[in-house]
Amino acid sequence: MIRKGAVMKLYPGKAEEYERRHAMLWPELIEAIRRDGGKNYTIFHDPETNLLFEYIEIEDEAVWLARGGDEITKKWWDYMADIMETNPDNSPYSRPINEVFHLD
């Protein structure tokens with residue numbers, strides 16, 4: 001299992017909408033995440049900075065990185081683009097962060 005962490009950023013005043021949308025996460029997207037080996041997926045929000053911390057465990061880095069080719073993922077990115085920083089293809093702008101400690 002590969003543990004991954006990343007940081008993303010919400011636009012000011014969009015935290016409640018971000019939470020609302022994730023509370024109603026599309027079943028097709030959940031299925032795609034699981035199909036591509038994603039498990040134990042958690043996103044944290046820091047209200048002082050509007051930063052999001054994403055943590056996920058994956059099985060295969062190449063499979064996970066290919067997710068952008070999935071139509072449901074692209075649809076989700078388009079849906080979220082109005083409330084968070086994104087790349088030109090509407091994927092969330094994220095930067096990986098390094099794991100420095102882990103305890104099971």
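Annotation for D104 and H102: closest pair OD1-NE2, 2.9 Å, computed over non-hydrogen atoms. Summarising the geometry of L10 relative to A15, their closest heavy-atom pair is CD1-CA, 3.6 Å, with the distance given to 0.1 Å. Between G38 and I58, the shortest heavy-atom contact is CA-CG2, 4.4 Å. When every heavy atom of W77 is checked against every heavy atom of N90, the shortest pair comes out as CB-O, 3.2 Å.
Summarising the geometry, atom CD1 belonging to I30 is positioned 7.0 Å from atom CD1 belonging to I33; distances are rounded to the nearest 0.5 Å.
Side-chain contact between P12 and N50 is present, with heavy atoms from C-beta onward closer than 4.5 Å. The shortest distance between side-chain heavy atoms of M80 and H22 falls below 4.5 Å. Here the side chains of K9 and Y93 are not in contact, with every heavy-atom distance at 4.5 Å or above. Contact check for I56 versus N40: no side-chain heavy atoms found under the 4.5 Å cut-off. The closest side-chain heavy-atom distance from W26 to K75 is below 4.5 Å. You'll find the side chain of F44 stays beyond 4.5 Å of the side chain of L51, heavy atoms only. Residues E54 and Y41 are in side-chain contact: their nearest non-hydrogen atoms beyond the backbone lie under 4.5 Å apart. Put simply, the side chain of T73 reaches to within 4.5 Å of the side chain of L29, judged on heavy atoms.
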Note to self: I'd like to know whether E71 forms a salt bridge (charged side-chain N to carboxylate O under 4.0 Å, His left out) with K74, so could you lay out the CA-CA distance, the side-chain angles of the two residues, the decisive distance to 0.1 Å, and finally the verdict.
What the structure shows: CA-CA 5 Å; E71 287 304 314; K74 289 179 187 177; 3.7 Å; yes
Checklist line | Stepwise salt bridge (charged side-chain N to carboxylate O under 4.0 Å, His left out) test for E17 and R20 | finding: CA-CA 5 Å; E17 181 60 17; R20 185 189 71 77; 2.6 Å; yes
Notebook entry, point to check: Hey, mind stepping through D70 and R35 against side-chain contact (heavy atoms from CB on, under 4.5 Å) and telling me if it holds?
Noted result: CA-CA 11 Å; D70 183 308; R35 177 200 66 223; 2.4 Å; yes
Next item on the list: Let me see the working for R34 and K39 under side-chain contact (heavy atoms from CB on, under 4.5 Å), right down to the final yes or no.
Entry: CA-CA 7 Å; R34 290 181 176 152; K39 295 178 176 64; over 6 Å; no
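Hydrophobic clustering, with ILVMFWY side chains joined whenever heavy atoms are under 4.5 angstrom apart, keeps I97 apart from L52. Residues M84 and I43 fall within the same hydrophobic cluster, defined by Ile, Leu, Val, Met, Phe, Trp and Tyr side chains chained together at heavy-atom separations under 4.5 Å. The hydrophobic cluster containing F53 does not contain I83, counting ILVMFWY residues as joined when their side-chain heavy atoms lie under 4.5 angstrom apart, directly or transitively. Y18 and L25 fall within a single hydrophobic cluster, where Ile, Leu, Val, Met, Phe, Trp and Tyr side chains are chained together by heavy-atom contacts under 4.5 Å.
Annotation for E28: atom CD counts as buried by contact number, over 12 foreign heavy atoms lying within 6.0 Å.
None of E99, E61, E57 except one satisfies the side-chain hydrogen bond (donor to acceptor under 3.5 Å, both in side chains) rule with K4; the exception is E61.
Judged purely by atom type and a 3.5 angstrom limit, R21 uses its side chain to pair as donor or acceptor with the backbone of Y79. The backbone N or O of D89 lies less than 3.5 Å from no partner atom in the side chain of N87, so there is not a single donor-acceptor pair.
Note that R3 lies outside the cation-pi zone of Y55, set by a 6.0 Å cut-off to the ring centre and a 45° limit from the axis.
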